[in-house]
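One structure below.
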Amino acid sequence: MTPRFPLAVLPTPLVRADRLRAALGCGPLWLKRDDLTGFGVAGNKVRALEYLLGDALARGCDVLVTGGGPDSNFVAAAAQAARVAGLDCELVVWGDVRGTTNLALATAAGARIHALGSDDRGRVDGEVDRLGAELAAAGRRPLAVPRGGSTPVGALGFAGAAAEVVAQWGGSDAPTVVLPVGSGGSVAGLLAGLAGTGWRVLGASVSRPPDEITAKVLGLAGETAALAGTASPRPEQLTIVDARGPGFGVASPADRAAADLVLGTEGVLLDDTYGAKAAAVAVEHRTDGPALLWLTGGLVSALTHVSEVPGYSPEVRSHTTEGAP
Ligand SMILES: Cc1ncc(COP(=O)(O)O)c(C=O)c1O
């Protein structure tokens, strides 16, 4: 059994979103608040890191090697988790590595950043493996983890999340869970954990074509279930739709409208990369049946970019106290 290194404050809240439901005129709606996982600002990614670090410690590793993009929540979370587990952390980062908040957080946690010097995200995992081998040759004990932590071990985090939310839900009609899909580990774990229930999963793919990411998710879900010793995942429970819109991290007008609605009705700020796109999919695919929108975090990026959102800049009026008593 893969040990878990506890980091998150669980269970995260499952809350009814009645104002959002009224605005949409749909069936009963809930929010699963994984933006409130309570470790750093890691959101959903802390669930994967609990198992990745548990595995690293059990194997006697002394350095976590992983990677991602300059705005990646995962790299910041990985650096913080490695630090508290007593491991060093080496991060391979694609794109422009200057001055992002997530990389500042990773650096604050003591991680070393290796700039890939290219926008080619697909090269990160190969470079992570190469760096891991280099560290091993130098006598270190590295654990190399691909982007997003999306391995069967990492996906155990969301298999646990499935059990958590089913217990919170109780006996009423099984809902459709809507969540964003990046590297696919979260949705794969969820699918593995929901085998044997009547729940359905609707994924919003933000970075890969639906066919490609569906194949990856089904493979990973199968490996995760095998690792956990649980029932085989059922592909018919899963649908992944294309939510890439204008591009990675760029919201379409429909994404923005959905994010505005969630902020205006439930008071939750969503990021453009994941949250806004999942919310738009939840809006587009709403039915009269019960649904649950899984909020995954992304607060660092949401706060970094919020002042750039059209219409969110304050209109400054002149104000004077001259003559006031
Ligand atoms: C805020 C947020 N939501 C969703 C995801 C997607 O999760 P996954 O990569 O497991 O598909 C990520 C991935 O980094 C994320 O940071």
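Whatever order the structure lists ligands and atoms in, that order sets their numbers, starting from 1. Residues take their numbers from the sequence shown, with the count starting at 1.
The ring pair (Phe, Tyr, Trp, His ring centres under 6.0 Å) test applied to Phe158 returns Trp294, not counting sequence neighbours. Legend: residues meeting ring pair (Phe, Tyr, Trp, His ring centres under 6.0 Å) with Trp169, ordered by chain and number and at least two apart, are Trp30, Trp199.
Linking Ile, Leu, Val, Met, Phe, Trp and Tyr residues whenever their side-chain heavy atoms come within less than 4.5 Å places Phe5 and Leu87 in a single cluster.
Asp272 pairs with exactly one of Arg256, Glu308, Lys277 by the side chain to side chain contact (heavy atoms under 4.5 Å, CB included) rule, that one being Arg256.
Val281 forms part of a hydrophobic cluster together with Val15, Leu20, Leu24, Leu29, Leu31, Val178, Leu202, Val241, Leu261, Val262, Val268, Leu270, Val283, Leu293, Leu295, judged by ILVMFWY side-chain heavy-atom separations under 4.5 Å.
Note on Arg140 versus Asp88: salt bridge recorded, some NZ/NE/NH1/NH2 to OD/OE distance being below 4.0 Å.
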Distances under 3.5 Å, N/O of ligand 1 against N/O of the protein: list each pair and its distance.
from     : atom 1 : to     : atom 2 : distance (Å)
ligand 1 : 3 (N)  : Thr296 : OG1    : 2.6
ligand 1 : 7 (O)  : Asn44  : ND2    : 3.4
ligand 1 : 9 (O)  : Lys45  : NZ     : 3.0
ligand 1 : 9 (O)  : Ser183 : N      : 2.9
ligand 1 : 9 (O)  : Ser183 : OG     : 2.6
ligand 1 : 10 (O) : Lys45  : NZ     : 2.9
ligand 1 : 10 (O) : Gly185 : N      : 3.4
ligand 1 : 10 (O) : Ser186 : N      : 2.9
ligand 1 : 10 (O) : Ser186 : OG     : 2.7
ligand 1 : 11 (O) : Gly182 : N      : 2.8
ligand 1 : 11 (O) : Ser183 : N      : 3.3
ligand 1 : 11 (O) : Gly184 : N      : 2.8
ligand 1 : 14 (O) : Tyr274 : OH     : 3.4
ligand 1 : 16 (O) : Asn73  : ND2    : 2.7

